[in-house]
Number of protein chains: 2
Amino acid sequence: MAKFAPKRGESSGTAVMPAGAARFVDGYLAYLLARASHLVSAQFHARLPEARLSVAEWRVLCTLSDGDRLAVGALARFVLHKQPTLTKILDRMARRGWVKRAASEADGRIVLVRITAAGRRKVAPLLAAAKRHEADVLAGSGGAEAEALKAVLRDLIARCAADSMPTPPALSKRLRTR
Amino acid sequence: MAKFAPKRGESSGTAVMPAGAARFVDGYLAYLLARASHLVSAQFHARLPEARLSVAEWRVLCTLSDGDRLAVGALARFVLHKQPTLTKILDRMARRGWVKRAASEADGRIVLVRITAAGRRKVAPLLAAAKRHEADVLAGSGGAEAEALKAVLRDLIARCAADSMPTPPALSKRLRTR
DNA sequence: GTCCAGAATATGACTTTTCATGGATCGGCG
DNA sequence: CGCCGATCCATGAAAAGTCATATTCTGGAC
């Protein structure tokens, strides 16, 4: 079966695509990342509803599953949502007893979020399922190839995250002196 | 500057992360893809509001920019949205004159969508900007490395798309015979 | 000590997306 | 032909996300 065989109707109508000419999106990195991300996750996400979890809730739980506490804003960046969105997600999750909020002792503005024992029980089987699903997706590629892909992605992430960092303290100080 | 330096507050509180132990999410392919996709696109997406475009509208226009017509459902899969969502996006875009709907002559159920001249004018400068942005993101990696990454992503996409394909006609026929 | 700019989170109005469903059409089969 | 399951798109109610803003707190300047 051809790997790029169009889905039903995908090329219907009067599509005129010269053999050699790829679509814009097929060569555009941002789109390939978005589509790969979407498809790779889709199969796993399809199993979340039966666990009564939304995608965002799953991401919160597996991010917190390592045990440390995170500020709301920091957690929001991890789960790829805006802070007000996460606040509302945390409200639901706290009501259900999966996470707990506590004011930071060091800084009164910060609210630290941690996973509860119930949250851990909720997420444990899903973490295992996620690992199995990843293995399935990567089956056929060697382990080295998979690690190489992850390394490239981590590099991309680091590079873009650096760009989107808020102005560093040292510089903002200088800026304030106009 | 350390590439993985935590953002302000990212490690505040009582985080206890042994040096060697990576977070679950740092080793999880689906998360790395989601985060890379999110961050790579973020900088470009930040420039869409000034062009009065939403992310979804941008994706519709650049997908259609190659000139062929697509069915609503097929287009929805391209732009990574559900079909009802796309129908509403297309309503807005058609009102603004960027796309046009037309019934398929071959199949009365299908509505084919194509970009208009106005839509083309709208998206042209953005296509150029997108290419420049991609070049910026990939600056520092060789062209060969970038192509390799894209090839891996296309492979992932092809593999997952095959899995999520609706049951092939031949098989569904067999299934119907219970 | 007081002031003030800036940071972190919460809240409410608003917009966007999704789910469930309905109407229309197609294709195959008796 | 006429039926029947399946496919495709549109619609309306419900859910989720976002923007702008309010509130509380911090840390440094004066």
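Computed from a predicted structure; not experimentally measured. Throughout, a chain's letter reflects where its sequence line sits, starting with A, and its residues are numbered from 1.
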I need the NZ-P distance between A:Lys88 and D:dG17, as an integer number of Å.
10 Å

Side-chain heavy atoms nearer than 4.5 Å, only ILVMFWY residues, links allowed to pass through others: does that put B:Met93 and B:Leu127 together?
yes

Between A:Arg35 and A:Asp26 (salt bridge meaning N to carboxylate O under 4.0 Å), is one present in this structure?
no

d(CG, B:Asp107; P, D:dC9) in whole Å:
9 Å

note: A:Leu112, atom CG; C:dA8, atom C1'; distance rounded to Å ~ 11 Å

Roughly how many Å is it from CZ in B:Arg101 to P in D:dC9, rounded to a whole number?
10 Å

A:Arg92 CZ to D:dA14 C1': how many Å, rounded?
13 Å

Of all the choices, C:dT9, C:dT18, D:dC8, which nucleotide is nearest to the side chain of A:Val72 once you look at every atom?
C:dT9

Any ion pair linking B:Lys150 and B:Glu134 (charged N to carboxylate O, less than 4.0 Å)?
yes

Please report the distance, rounded to the nearest Å, between CZ in A:Arg109 and P in C:dC4.
18 Å

Give a yes or no on whether B:Phe24 and A:Val55 share a hydrophobic cluster (residues Ile, Leu, Val, Met, Phe, Trp, Tyr; joining criterion: side-chain heavy atoms under 4.5 Å apart).
yes

Judged by each residue's nearest nucleotide on DNA chain D, which is more toward the 5′ side, A:Ala106 or A:Ala56?
A:Ala56

Proximal nucleotide (of D:dC9, D:dT18, C:dT9) relative to the A:Val111 side chain
C:dT9

Distance, rounded to the nearest Å, where A:Leu86 contributes CG and C:dT9 contributes P:
9 Å

Without decimals, in angstroms, what is the distance between B:Lys82 NZ and D:dC8 P?
15 Å

Could you check whether the side chain of B:Gln83 and the base of D:dA10 have a donor-acceptor pair of N or O atoms closer than 3.5 Å, going by distance alone?
yes

If you compare every side-chain N and O of A:Thr87 against the phosphate oxygens of C:dA10 (OP1, OP2), does one of them come in below 4.0 Å?
yes

